[in-house]
Amino acid sequence: MDEAIVEYIKRKYRLLIGSSTAEIIKTTLGNAFPGDSVDSVEVKGRDLTTGIPKILSMDSDEVREAISEQINAMSEQCALHWKQMPPELSADLIDCGITLAGGGALLKIWIYF
């Protein structure tokens with residue numbers, strides 16, 4: 001997801017940022033579905049056209065667009081596994097839920113059954 005954010009900003013704004021900046025953007029604004037409000041953050045990087053430092057504002061809708069391919073792939077894999085899961089495990093899933101781990105677990109994700 002961090003690489004997707006880096007590439008999105010490079011493609012859309014011609015601004016080069018590092019992976020640590022992309023991680024901060026992901027954990028601050030990353031989301032899978034639109035929320036009640038649109039948050040934004042200042043992004044600092046190097047302009048690829050002029051080579052000088054530049055600051056731009058990026059909002060949560062843009063981050064969602066940048067990582068949508070990865071979110072869709074994760075959702076498809078979850079759906080595939082849920083369809084193949086035994087009924088007893090499905091019942092436990094409904095009762096206990098799922099614990100996510102890793103950087104993607106910090107995203108604002110709301111899944112309804």
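In this chain, numbering begins with 1 at the start of the sequence shown. Quick caveat, the model's predicted, so the values are computed rather than measured. These values consider heavy atoms only, across backbone and side chains, with no hydrogens, waters or symmetry-generated copies.
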Practice item. Output yes when a side-chain donor or acceptor of Thr21 lies under 3.5 Å from a complementary backbone atom of Ile17, and no otherwise. Key: no
Exercise for review: State whether the side chain of Asp47 and the backbone N or O of Gly45 hold a donor-acceptor pair below 3.5 Å, judged by distance alone.
Suggested key: no
Point to revise | Electrostatic pair Asp2:Lys26 at N-O distance under 4.0 angstrom | key: yes
Practice item. Tell me, yes or no, whether the heavy-atom count around Glu42 atom CD, taken from other residues, nucleotides or ligands under 6.0 Å, exceeds 12. Key: no
Exercise for review: Indicate the atoms forming the closest heavy-atom contact of Tyr13 with Ser57, along with that distance.
Suggested key: OH-O, 4.4 Å
Exercise for review: Over all heavy atoms of both residues, which pair between Ser60 and Leu29 is shortest? Give the atoms and the distance, please.
Suggested key: CB-O, 3.7 Å
Revision key, fill the gap. Arg64 and Asp61 have their tightest heavy-atom pair at NH2-OD1, 2.7 Å
Exercise for review: Flag yes if more than 12 heavy atoms outside Lys44 fall under 6.0 Å of its NZ atom; otherwise flag no.
Suggested key: no
Point to revise | Side chain Glu7, main chain Ala4, donor-acceptor under 3.5 Å | key: no
Exercise for review: Look up atom CE in Met1 and atom OG in Ser68, then write down how far apart they are to the nearest 0.5 Å.
Suggested key: 10.5 Å
Check your understanding: Can you check whether Ile25's main-chain N or O pairs, donor with acceptor, with Thr28's side chain at less than 3.5 Å?
Key -> no
Review point. How close do Val63 and Gly30 get, heavy atom to heavy atom, and via which atoms?
Key: CG1-CA, 3.8 Å
